[in-house]
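What you see below is based on every heavy atom in this structure, not just the backbone, and it leaves out hydrogens, waters and symmetry mates. Count residues from 1 along the sequence.
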Amino acid sequence: MPSRCSSDLWKSIYEVLLEYKKQQNMEWKAVLENFENISETYIRKEVQSKSEYKRNFDQAWKSCKGKLYEYVVYSYIKEILEKNNISSISVKMEEELGESEKESVQIHNWDTIMPDTDLILERDSRILAILSCKTSLRERLTETAFWSYILRTSSDKRVEIVFITTNKDDELQHKNNRYIIQHIVDATLITNKEKYNQFIKTIEDNYKDKKDLRNFLSKIYNTDTFIEYIRKFD
């Protein structure tokens, strides 16, 4: 989790999030689909108005927003697992992993290295997939692709890599990022429905003559269809 997100600030953000969800009577799925709007127009303002971090709040918020997004994704996945009566698979945050679970994805070379592991999907203490949650791509998709490659070449246990994003600035449409999610990571979840639809339309318009287009688009999920990805492990 981001180091600059202090426990006190995170507690305030967490409490405002839960209160908002309760007031609006929203499921986690709806919170996730509207994450940017909820986090920026409500949670940020509510927390900042009573925060001791007023002077440096912008930097602290950036760190905590990433943690907030991870938590909402985590809660959404728990919700859909429960709704679909899938008890064999669980979702965990990195800090919930035991030593044997960490060992299954650690890389040993001079030192023991733990890849970027925001969330994991697990069955019977075996990690099935690492979920990398990013609201903004910039260089982070490349980082996810790097760990995907390393895990494939350094481990005899197949661990899939899933990239999860709001795609706020339509960065997935850039050709370098398109290549990564098509050929390197195993699946991508775009949590904003509008951004998901825009992405699909852009890819279909630009690559409609490509024979493997359907295969590529089958790896791109939204909040309604992500359960299909999870079910393949059940």
Can we say [X] and [Y] salt-bridge, meaning some charged N sits less than 4.0 Å from an Asp/Glu carboxylate O?
| X | Y | value |
| --- | --- | --- |
| Lys65 | Asp58 | no |
| Glu228 | Lys232 | no |
| Arg126 | Glu122 | no |
| Glu36 | Lys195 | no |
| Glu204 | Lys208 | no |
| Glu171 | Lys134 | no |

Within the supplied structure, the quantity of interest is the number of heavy atoms (other residues, nucleotides, ligands) at a distance under 6.0 Å from [X] [atom1]; does it exceed 12?
| X | atom1 | result |
| --- | --- | --- |
| Lys201 | NZ | no |
| Tyr14 | OH | no |
| Asn25 | CG | no |
| Glu82 | CD | no |

* Ignoring hydrogens and angles, tell me if any N or O in the side chain of Glu96 forms a donor-acceptor pair with the backbone of Met93 under 3.5 Å. =>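 Yes: the side chain of Glu96 pairs with the backbone of Met93.
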
* Output yes when a side-chain donor or acceptor of Lys219 lies under 3.5 Å from a complementary backbone atom of Val185, and no otherwise. =>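 Yes, because the side chain of Lys219 sits within donor-acceptor range (under 3.5 Å) of the backbone of Val185.
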
* **Sub-6.0 Å ring centroid separation between Trp28 and Tyr71** =>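 Between Tyr71 and Trp28, which both carry aromatic rings, the centre distance is below 6.0 Å.
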
* Taking the six-membered ring for Trp, is the centroid-to-centroid distance between Tyr196 and Phe199 below 6.0 Å? ->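 Aromatic pair excluded; centres sit 6.0 Å or further apart.
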
[X]-[Y] side chain donor-acceptor pair, cut-off 3.5 Å:
| X | Y | result |
| --- | --- | --- |
| Ser88 | Asp234 | yes |
| Thr191 | Tyr69 | yes |
| Thr202 | Asp205 | no |
| Asn167 | Gln173 | yes |
| Arg231 | Asn84 | yes |

Minimal non-hydrogen separation, [X] against [Y], with atom names:
| X | Y | answer |
| --- | --- | --- |
| Asn34 | Ala30 | ND2-O, 2.9 Å |
| Asp118 | Leu131 | CB-O, 3.3 Å |
| Trp10 | Cys5 | CB-SG, 3.8 Å |
| Ala129 | Val162 | CB-CG2, 4.3 Å |
| Phe57 | Leu9 | CE1-CD1, 4.0 Å |
| Ile89 | Ile230 | CD1-O, 3.6 Å |

Are [X] and [Y] side-chain neighbours, meaning at least one heavy-atom pair lies under 4.5 Å?
| X | Y | answer |
| --- | --- | --- |
| Ile13 | Trp61 | yes |
| Glu70 | Val73 | no |
| Lys168 | Thr135 | no |
| Ile190 | Thr166 | no |
| Tyr20 | Glu46 | no |
| Asn176 | His174 | no |
| Leu17 | Val31 | yes |

* To do: Please report the C-alpha distance between Ile220 and Phe163 in whole Å, then the side-chain angles of each, then the deciding distance to 0.1 Å, and finally whether the side chain to side chain contact (heavy atoms under 4.5 Å, CB included) criterion is met.
  => CA-CA 10 Å; Ile220 312 299; Phe163 188 68; over 6 Å; no

* Between His183 and Tyr179, how do the two ring planes meet: parallel, tilted or perpendicular, split at 30° and 60°? ->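 Aromatic pair His183/Tyr179 classed tilted.
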
* To do: Sequence neighbours left out, what passes salt bridge (charged side-chain N to carboxylate O under 4.0 Å, His left out) with Lys175? Give chain and number order.
  =>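 Lys175 satisfies salt bridge (charged side-chain N to carboxylate O under 4.0 Å, His left out) with no residue once adjacent residues are dropped.
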
